[in-house]
Number of protein chains: 2
Amino acid sequence: MPPVFAHGELRLYLLVLLLDGPRHGYELITELTRRFGGTYRPSAGTIYPRLARLEEEGLVRRSVPGEPGSPGVGRKATYELTPAGHAEIEARFDDVKRLERSVAETVRSLADEVRADVRDTMRGLRAELAAAAQEVRTRPRPGTAPDPRRTQSNSLRHDAEAVLQRFRNDVLADLREADVAGTVSALTVETLRTVLDSARSAIRGTLPHSTTSPPGRADRTEPE
Amino acid sequence: MPPVFAHGELRLYLLVLLLDGPRHGYELITELTRRFGGTYRPSAGTIYPRLARLEEEGLVRRSVPGEPGSPGVGRKATYELTPAGHAEIEARFDDVKRLERSVAETVRSLADEVRADVRDTMRGLRAELAAAAQEVRTRPRPGTAPDPRRTQSNSLRHDAEAVLQRFRNDVLADLREADVAGTVSALTVETLRTVLDSARSAIRGTLPHSTTSPPGRADRTEPE
DNA sequence: ACCTCAGACACGATATATCGCGTTCTTCGA
DNA sequence: TCGAAGAACGCGATATATCGTGTCTGAGGT
């Protein structure tokens, strides 16, 4: 999924949020979530480094507990705009306006909502695999199992490929038909992407692979 | 939602998990998630207090960084069973066995719930997606730049086909790899079937209902 | 003008800790 | 033995910090 905020945008938006008064890091997270109607929730790993940088640059002031670098933590650090922070916002007023419009539009988009919905639904399918896998695990095969595993896997793979082939043909047909009517929308492509992504996760989940994933697997060799 | 673990169950299950060796708190969270197929992910607020208590009772030993009570944090605390911890497990062996059965059953029933749920959700989702698609279609896009949305459907279809193609290649690759290891199971085929079914529903939902071509389309003629 | 490459950045994953709510279990006294 | 108070517990929400990956940008060199 592409980032919600482009390069310097989150940084700027945090300053804008602080215009309403001092906030904790966590408050900024929840406020952002609220403004996006729940479709986007920035992670802590997004917010805190940004706030640390802004403090470093003197645009915000952090109060109360120990510095973030030290092991001493102390809950609830409050951030507030410095004069330099206010100046930055005024200097980039055009960017601020543009950003606010862009956020509003993102929120309006239904596709995001649907996307999240679909993902949630598909996530649940993983449970099916877990259940069946558990059953297989807890109920070991009766009697001695010679070695039919290999040949079985092979024939099963054949079945899987057939299922996949059929699916592809069906979707292709749907697509062609819709195209004639000129009704293929961006939403279709987006949904396809999301759904197939989830599908692949589910399928991979049925194939044993360690969760800690020791294999480096050089599958990052081709840029796009 | 009712708790997944009853009163002392999580406590006991954590000890069982530590039988496999020392673990960090976070590792225990992910391991539990894995065992429940993603349907249950204990929050940090569930795990860490429990571990702290277990340490207090002398059933586990915590190593490396500062005490949890103090503000000093220090990443990565490792927990391991003490002799007393091992003794506890042995003493409550019956409970352990019962718990393991119960977990397996819980997972299975959760899966059933989800399975039943998926169809419903998908059904509702179809309507939602259709509505969204309708809106997108009838009201091109107000905010963004003036697009020449002439052969848009056609180009979009091209995108969709590319996505589909890539998905097919990826899954085929997964299948081949798994086959070499002989790990393609009936479960894989079953999951594939279910997931692709749901996927197709979602995709079709974004396309207008083609009343001219009912479900006919000879998709039940293949023997299995 | 074109390339590159280091630094900034967005983001999910990893990691840990506390608080408050609602439920369950365990005494202990009536 | 029954019932109630309090401890223990499960759990989501609150709170903060770091790491690794992938992307983008701009300054410098060619």
Side-chain angles (χ1 to χ4, degrees), chain A residues 1-14 23-34 40-57 62-79 99 119 211-213 216-224, chain B residues 1-14 23-33 36 40-57 62-79 99 106:
Chain A
M1 192 147 56
V4 170
F5 284 102
H7 212 67
E9 291 185 347
L10 173 60
R11 183 192 133 99
L12 188 58
Y13 204 71
L14 286 178
R23 293 281 185 274
H24 310 145
Y26 193 80
E27 279 182 296
L28 291 169
I29 291 175
T30 52
E31 178 61 19
L32 272 163
T33 306
R34 199 184 62 76
Y40 166 65
R41 185 183 175 93
S43 74
T46 296
I47 297 300
Y48 292 104
R50 218 40 41 215
L51 287 173
R53 193 66 165 73
L54 284 171
E55 192 200 7
E56 212 176 89
E57 295 176 276
R62 171 200 175 82
S63 49
V64 183
E67 297 88 63
S70 80
V73 175
R75 288 164 70 80
K76 293 232 187 200
T78 303
Y79 295 85
L99 183 54
R119 209 206 331 266
T211 46
T212 44
S213 56
R217 279 197 56 79
D219 53 6
R220 271 297 144 210
T221 49
E222 26 198 354
E224 287 176 330
Chain B
M1 193 149 55
V4 171
F5 284 102
H7 211 66
E9 292 185 345
L10 175 60
R11 184 193 132 100
L12 188 58
Y13 205 70
L14 285 178
R23 293 280 185 276
H24 309 145
Y26 193 80
E27 280 182 296
L28 292 168
I29 291 175
T30 53
E31 177 60 19
L32 273 162
T33 305
F36 279 85
Y40 167 66
R41 185 183 175 93
S43 74
T46 297
I47 297 301
Y48 291 104
R50 220 36 45 213
L51 287 173
R53 194 65 166 72
L54 285 171
E55 192 199 7
E56 213 175 89
E57 295 176 276
R62 170 202 175 81
S63 49
V64 184
E67 299 87 64
S70 80
V73 176
R75 288 164 70 78
K76 293 232 185 198
T78 303
Y79 295 85
L99 182 55
T106 298

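Since the model is a prediction, treat every value here as computed from it, not as a measurement.
Heavy-atom distances to DNA chain D give each of A:E27 and B:P42 a nearest nucleotide, and the one nearer the 5′ end belongs to B:P42. DNA chain D is contacted by both B:A44 and B:A6; B:A6 maps to the nucleotide lying nearer its 5′ end (nearest heavy atom per residue). Positionally, the nearest nucleotide of DNA chain C for A:V4 lies more toward the 5' end than for the other of B:Y26 and A:V4.
With sequence neighbours excluded, the residues forming a side chain to side chain contact (heavy atoms under 4.5 Å, CB included) with A:E9 are A:F5, A:A6, A:R98, A:L99, listed by chain and number. The salt bridge (Lys or Arg N to Asp or Glu O under 4.0 Å) test applied to B:R50 returns no partner, not counting sequence neighbours. Take B:R41 and apply the side chain to side chain contact (heavy atoms under 4.5 Å, CB included) test, not counting sequence neighbours, and it matches B:Y26, B:I29, B:T30, B:T33. A:E31 meets the side chain to side chain contact (heavy atoms under 4.5 Å, CB included) test with A:L17, A:R34, A:R35; sequence neighbours excluded. The salt bridge (Lys or Arg N to Asp or Glu O under 4.0 Å) test applied to A:R11 returns A:E57, A:E88, not counting sequence neighbours.
Which of C:dT18, C:dC11, C:dA15 sits closest to the side chain of A:F5 comes down to C:dC11. Residue A:P3 places its side chain closer to C:dA10 than to any other of D:dT16, C:dA10, D:dG10.
Whole-Å rounding puts the A:Y13 OH to C:dC9 P distance at 19 Å. Here the C1' atom of nucleotide C:dA13 and the CZ atom of A:R41 are 15 Å apart, to the nearest Å. Atoms CG (B:L10) and P (C:dC25) sit 14 Å apart, rounded to a whole Å. Distance CZ (A:R62) to P (D:dA15): 14 Å, rounded to an integer number of Å. The distance from atom OH of A:Y79 to atom C1' of D:dA15 is 11 Å, rounded to the nearest whole Å. Atom-to-atom, NE2 of B:H24 to P of D:dC19 comes out at 15 Å; the value is rounded to the nearest Å. Atom CD1 of B:I47 is separated from atom C1' of C:dT16 by 12 Å (rounded to the nearest Å). Following rounding to the nearest Å, B:K76 (NZ) and C:dT16 (P) show an atom-to-atom distance of 8 Å.
At least one side-chain nitrogen or oxygen of B:Y40 sits closer than 4.0 Å to the OP1 or OP2 atom of D:dC11. Put simply, A:Y48 has a side-chain N or O that comes within less than 4.0 Å of OP1 or OP2 on D:dT16.
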List, with names and distances, any nitrogen or oxygen atoms from the protein found under 3.5 Å away from nitrogen or oxygen atoms belonging to nucleotides 5-8 of chain D.
from: D:dA8; atom 1: OP1; to: B:R53; atom 2: NH2; distance (Å): 3.1

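In this model, a side-chain donor or acceptor of B:S43 finds a partner on the base of D:dG12 within 3.5 Å.
A:S63 contributes a side-chain N or O that, together with a main-chain N or O of A:T78, makes up a donor-acceptor pair within less than 3.5 Å.
In this structure, B:V4 and B:L10 have side chains that are not in contact, with every pair of non-hydrogen atoms separated by 4.5 Å or more.
Among the atoms of the strands shown, only primed sugar atoms or phosphate atoms (P, OP1, OP2) are found under 4.0 Å from some heavy atom of B:G25.
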